[in-house]
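Below you'll find the structure, written out as C-alpha cells, and then a few comments.
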Amino acid sequence: MARKAAGKPPEEILLDWKREQASLKARVVDRDTEAWQRDPAFSGLQRVGGVDVSFVKDDSGSACASLVVLSYPELEVLYEDCRMVTLTAPYVSGFLAFRELPFLVDAVQQLRQREPRLMPQVLFVDGNGVLHHRGFGVACHLGVLTDLPCIGVAKKLLQVDGLENNALHKEKIQLLKAGGDSFPLMGGSGTVLGRALRSHDHSTKPLYVSVGHKISLEAAVRLTHSCCKFRIPEPVRQPPSPG
DNA sequence: GCGACAG
DNA sequence: ATCTTGTCGC
C-alpha cells in the first residue's frame, strides 16, 4: 500500500521555498572553475563523489542518505557513508531539495571534518541542476551550500520551459547511437538548460545532465559519460547499505 | 480517459 | 521513489 506522502505544504511555505531558491540562484556559477575541467583527460581529477537518498521501506519516511567518493579514473571506492534518516518534507516537484538536501549537506560537512583529504572534487546529484522550474534544482542547491562543483543527473526529462518528452524528443533519442552522444535541451527562452546523454553504448534511455554549480555543461556531460560503466554514473549507481 | 510532477 | 508494464495519442 504505497500510500502517497503527505500533501503539498501550504502556499506560504512554497512561497518561502521559492524565495530561498531565487535568492540562492544568484550564487550559481555555470562555468568551469577548476583546471581539470578543461583538461581533455580530466587530469588533476582524482576523486568524484555522488549523493543519493534511497528508500528502505514503503513511505514511512525512513531513508538512507548516502555519500560515496570514488577514485578517478579507476572509480574505486575511497569512502562510503550511509546514514539512516527520517524525511519530513513531502516530495513536491520543483522542491526536491527541501526534502533531501539537509541530509546531504550534513554528509558533506561530516566528511569535511573527519576526512578532508577525501573530499570529492565534484559531486553527482540525483536530480536536476539548472534544468528546473526556476532554474535552481537540487544539484544547484547542493553546490551553492557546499561550494563544490555539482552535476545534476536525472533519469527522466523534467518538462519545464517548453521542454516536452514528445515524439520529436523521442526521435532525437533514437539518433543517439553511441555512448557519449548527446543533444541539447533548449528551453523556450532559447537557453540550453541541459543535454540528453546516451551514457553507455548499450543504454537506450538517455540521462538528463544539467549544470549544478562550478562546472560547464560541456564538462559535466563529458565527465558523466566518463563515469558510466552502466547507464547510471558509478558514484550514484548503487548506494551503500546501512548495514 | 485523467495527466503532464526530478526523487 | 516504487509497483510494473508495454510499443499512442496534442
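Order of the sequence lines fixes the chain letters, A, B, ..., with proteins taken first and strands second; residue numbering starts at 1 for each chain.
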Pairwise [atom1] distance, [M] and [N] [rounded to whole Å]:
| N | M | atom1 | value |
| --- | --- | --- | --- |
| dC8(C) | dA6(B) | C1' | 24 Å |
| dG7(B) | dG6(C) | C1' | 23 Å |
| dC5(B) | dT7(C) | C1' | 24 Å |

How about Cys82(A) and Cys64(A) - are their SG atoms less than 2.5 Å from one another?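 Cys64(A) pairs with Cys82(A) as a disulfide (SG atoms under 2.5 Å apart), so yes.
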Nearest-Å distance for atom pair [atom1]/[atom2], residues [X] and [N]:
| X | N | atom1 | atom2 | answer |
| --- | --- | --- | --- | --- |
| Leu157(A) | dG7(B) | CG | P | 11 Å |
| Leu193(A) | dA6(B) | CG | P | 16 Å |
| Glu171(A) | dG9(C) | CD | C1' | 15 Å |
| Asp161(A) | dA4(B) | CG | C1' | 16 Å |
| Leu101(A) | dG7(B) | CG | C1' | 13 Å |
| Phe124(A) | dG7(B) | CZ | P | 16 Å |
| Leu104(A) | dG7(B) | CG | C1' | 11 Å |
| Leu87(A) | dT2(C) | CG | P | 12 Å |

Does atom CD (Gln113(A)) have a neighbourhood of more than 12 heavy atoms from anything else shown, all under 6.0 Å?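 Open.
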Touch class at under 4.0 angstrom, heavy-atom based, for Gly152(A) against every strand present: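 Answer is nothing: Gly152(A) stays at 4.0 Å or more from every strand.
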Would you indicate what Phe98(A) reaches in the nucleic acid, counting non-hydrogen atoms under 4.0 angstrom: base, sugar-phosphate, or nothing?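 If one applies the 4.0 Å heavy-atom cut-off, Phe98(A) turns out to touch nothing in the nucleic acid.
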Lys155(A) vs dA1(C): side-chain N/O to OP1/OP2 distance below 4.0 Å: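 True: Lys155(A) side-chain N/O within range (under 4.0 Å) of dA1(C) OP1/OP2.
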N/O (side chain, Tyr91(A)) to phosphate O (OP1/OP2, dC5(B)) under 4.0 Å: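 For Tyr91(A), the contact criterion (side-chain N or O under 4.0 Å from OP1 or OP2 of dC5(B)) is not met.
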As a test of reading the structure: which of dG7(B), dG9(C), dA6(B) is closest to the side chain of His132(A), going by heavy atoms?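 Minimum distance to the His132(A) side chain belongs to dA6(B).
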Starting the side chain at C-beta, find the nucleotide from dA6(B), dG7(B), dG9(C) nearest to Asp52(A).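 Of all the options, the side chain of Asp52(A) is nearest to dG7(B).
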Centroid-centroid distance, Phe183(A) to His169(A), less than 6.0 Å: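 Yes, they do, as the ring centres are separated by less than 6.0 Å.
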Among Ile151(A), Val236(A), Leu142(A), which residue meets the side-chain contact (heavy atoms from CB on, under 4.5 Å) test with Val125(A)?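 The passing option is Leu142(A).
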For the residue pair Phe42(A) and Tyr72(A), categorise the inter-ring angle as parallel (less than 30°), tilted (30 to 60°) or perpendicular (more than 60°).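 Correct class here is perpendicular.
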